[in-house]
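Here's the structure we're looking at; comments come further down.
Each chain gets a letter, A, B and so on, in the order the sequences are listed, and its residues count up from 1. None of these values were measured; they are calculated from a predicted model.
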Amino acid sequence: MKNAAAAVKTSLLNQSDTRTIANFYAVQLQFLCREKKYASSAFALVRSIHGNMITSGFRPRSHILNRLIDIYCKNSGLVYAKHLFDRIPQPDVVARTTIIAAYSASGYPKLAREVFNKTPLSIRDTVCYNAMITGYSHNNDGHAAIKLFLDMRWKSFPPDEYTYTSVLAALALIADHEMHCGQLHCAVVKSGMASVKCVVNALISVYVKCASSPIASSVVLMDSASKLFYEMPERDDLSWTTIITGYVKNDDLDAARKVFDGMDEKLLVAWNAMISGYVHKGFIFEALDMLRKMQSAGLKPDEFTCTSILSACADAGLFLLGKQVHAYVRRTEEEIHVSVHNALITLYWKCGRVDEARKVFDNLAFKDLVSWNAVLSAYVGAGRINEAKLFFDEMPEKNSLAWTVMISGFAQNGKGEEALKLFNQMRLHGIELCDYAFAGAITSCAVLAALETGCQLHAQLIQRGFDSSLSAGNALITFYGRSGVIEAARTVFLTMPCVDLVSWNALIAALGQHGYGAQAIELFEQMLNEHITPDRISFLTVISACSHAGLVERGRHYFNIMHSVYKINPGEDHYARLIDLLSRAGRLLEAKDVIQTMPTKPGAPMWEALLAGCRTHRNVDLGVEAAEKLFELTPQHDGTYILLANTFAAAGRWDDAAKVRKLMRDQGVKKEPGCSWIKVENTVHVFLVDDTAHPEIQAVYNYLEELRLKMRKMGYVPDTQYVLQDMEAEQKEYAISTHSEKLAVVFGLLKLPRGATIRVFKNLRICGDCHNAIKFMSKVEAREIIVRDGNRFHHFRDGECSCGNYW
DNA sequence: ATAGGGTTAG
C-alpha cells in the first residue's frame, strides 16, 4: 500500500502534459487495482485521484471510469461507485459486470439483479452471466444461480471454466446429501470439464462442503475428495489448500496435517489453515508450535495468522502473549488490518479489560460491523447490560448477529421481557432470523417460564428448518427443563442430529432440577462412556443433581474426581454445591469441616448452604454461627434473617425468633414477599400470602376449605412449625393455610380443565406444610401438579412428590 | 470485468 501511495504522489506531481493526463490516471488506478488488501488509506487515495479529475476538468473515458468504479467497489466506496455508474448514459458490459459483482459482494442482490436485467441481450456476454451467477451464490441463493445457468445455456452463451466453477459453488449451497455429490461428479465428467484444474478444485470443495453436513457421512465424502485430489494430473496451490482446509473443517486435523506435511512449498494460506484449525479445537500449544515452525521456514505472520493467534490468546487467557502479538503487528510496516483490531478488542475484554477494549475501538480509524459487535459482546460478556443497550442503540448498522447478542444478553442477565421485546422488534424490522436469534428468544422463555411462547417458537423453528441447530436445540433443552416439561427436554436432546457438551450439561441440569438424580447420574456416566470430557459446568450440574436427590456419596465422588482425574480446580461454586449436598443430608459437621479447610476464604453461598441445612435439621448452635458470618458478609440479605428465625421457631425458641425479626426490622431489611403464579387462558394470575386482591379469591378460599376437610380425612395434619411467630394453634393453622402456593394450586384446580396438569411457579422455596398439603391435593383431586420454587421442580402425583421429600 | 483457499463478533 505504501508503494502505491508513493507512486500516486509522484505521478500527481508530474502531471504537466495534458495529453498524457489520461495515462497518468490510468497508471495511478492500476497501482491501486493491484492492491487487493482492504485498507482505509486506499479509499482516501481513490477519493483524491477522483477529486483531482474533477477539479482539473478531466472527463474520463469508459475504461478509466470502469476502473474507478471497480476501485471504489473494492475499497468500501460502494456509494460513490453507484453514483458514478448511475450517471453513465449507456454503460458498457464491463461497467455493468463490475457493478453487478460489487452489489452482490456487498449484500445487495436486488440491485445487482436489476442491473443485470436491464442489460440488453445484444451486449451480454459469458463474463456478465458468470458475475451474476456468482452474485446469487454469494447471497446464498443457489437455486437462482442454477436457474440463470440454465437460462444462459438456453440463450446459447457458451459456459467457460469460470461458469462451471461458479455453478458448482452454487450447487454446494443446495446439496447436502451424498447422492448429490455423485451426480455432480458425473455431470462434470460429462461436460468434458473433468480435466480442468479449477473445475476439479470446485468439485473437491463441494465434497468438502457436503462432508460437513450433519446428516452426511463425513469420512466417506472426505475420502472421495482426497481421491479426486490425488488423481489430479497436476495440482495447483488451491487444490492443496482446499483439501487441507476440508479436513480442518471436518475436524480431522491429523489428516489435514498429513497432507500439509506432504506439501513441498508450504503456502502461507496452508499454514494459516492449520493454525486456525488448532485454535478452534483448543489446541493452543500446537497452534503456537506451528507459528514457530512457520517463522523458521522464513514466512511472516500476516493478518490471518495474527487474528487466529489473538483469538487463541483470548480464549486461553494468555494476555501477555496477546500483547506481544499486538506489539509485533505494530512493528510491521503494514497498516494493521481491521480484523486484527477486532481480534484485539476480543482479547482485551475476554481478559477482563472491557474499558481497554472500548479504548481500542474508539481509536480505530476504520471500523466494520465486526468491530461494533465485538464491543457489544464485551459489554454483554461483562454483564454490563445497560451500557450494552446504550451501545446497541448507537450502532449505525445492526446485522442479525448484533440483535442476537443483545437478545441473549438480556436473557442471560435475567431480563426475559426485554429480550422478548427486542426479538419482536427484530421481526418487525424485517431482519432475517437465524437460529441463534431463536436460541436467544427461547432462553428468555426459559427465564420467564413462558411455556406457550416457547412452544410457539419451537414450532416456528421447525417450520424454518432450524430444528437441527445446535444452539437452538440447547436452548430448547434448558427451556423445557425450566418450564417443567422434562419429557420434552429429553425428546429434544434425543432428536438433535448432533449434540455437544452444552447439550449434555443442559439435560443433566434439567434432570437434576426435577429431582431425577439417578437419571442425571446415568446420563453423566453415559457421557463419560462416550469419551466426552466434562467441563466445570458438567460437575456443577451433576453435583447439584446428587444434592437434590440426596445422593451424598456419589456427589462427593464427583467432587473428588473433578480434580484428581479431570484436572479441573474446584471453584467457589463447586464448594457451595458440595456444602449444600452435605448440609441437606444433615451431615452438618462434615459440611463445616469443608468450609474450614477449603483453599479460599468461604463466601456467602457456603454459609448460606450450611444455614439452610441447620434449619432443616434443627441445629440451632451451628445455625447461629453460620448466620453471624452471613450478617458480616451480606448484612442486607433477607434470606439469612428468615432462615435463622425459622431455625429458632422450629426449635420452639419463639423469643429468639422474635429477636431476629426485630433485628431485621432495625437493619431496614425487607423480606422479599412470597408470591406464586399460574397461567390460565393466557393470563398470569399472581397470589400473595393471605391474598385479598385477586377478584376470585373468595371462591379459592371456599374450595380450599372444602379440600381441607377431605385431606384431613386422608390423614393430612397441618405442620405449624413453619410459622415464624408464636400464636394460638388455630391461628397458626390459618396462617399457613393461606400461603400463596396453596392459593395458586387451588385456583388451578378450579379453573383448568379436568386432567390438565397444574403448573405453579413460586419465587421462594416452597414451604414444608404446603409441600405436604399439595401431595394430598394431588391424591384427592387425582391431578398432576408441578410446582417450580426458587430452587427446583416438584412433581406431585398420587400423593407423592418427585423430590422424595428432600429439597 | 467474472471463479476458487486462510481471520475477527455469538
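In this structure, N474(A) atom CG and dG10(B) atom C1' are separated by 13 Å, rounded to whole Å. Look at NE2 on H341(A): it is 16 Å from C1' on dA9(B), rounded to the nearest Å. Between W372(A) atom CH2 and dT8(B) atom P there is a gap of 22 Å when expressed in whole angstrom units. Note: CG (L364(A)) to P (dT8(B)) measures 17 Å, nearest angstrom. dT7(B) atom C1' lies 16 Å from atom CG of N373(A), rounded to whole Å. One interatomic measurement links the two molecules: CE of M395(A) to C1' of dG10(B), which rounds to 12 Å at whole-angstrom precision. In this entry the distance linking CG of L369(A) with C1' of dT7(B) reads 16 Å, nearest Å. The CG-C1' distance, from L344(A) to dT7(B), rounds to 13 Å in whole Å.
Donor-acceptor pairing under 3.5 Å is lacking for the side chains of T98(A) and D70(A).
One N or O donor and one acceptor, one from the side chain of S339(A) and one from the base of dT7(B), sit under 3.5 Å apart.
Using a 4.0 Å heavy-atom criterion, one finds that W349(A) contacts the sugar-phosphate atoms exclusively.
In this view, R330(A) satisfies the salt bridge (charged side-chain N to carboxylate O under 4.0 Å, His left out) rule with no residue, not counting sequence neighbours. S339(A) meets the side chain to side chain donor-acceptor pair (under 3.5 Å) test with H337(A); sequence neighbours excluded.
Taking the six-membered ring for Trp, Y379(A) and F392(A) have ring centres at least 6.0 Å apart.
The existence of a salt bridge linking R257(A) and D254(A) is excluded, since no basic side-chain nitrogen approaches an acidic carboxylate oxygen closer than 4.0 Å.
Tested against M406(A) for a side chain to side chain contact (heavy atoms under 4.5 Å, CB included), the candidates K398(A), K389(A), M395(A) yield a single pass: K389(A).
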Letter per nucleotide, 5' to 3', of nucleotides 1-6 of chain B [B base touched, S only sugar-phosphate touched, - untouched; heavy atoms, 4.0 Å] | BBBBBB
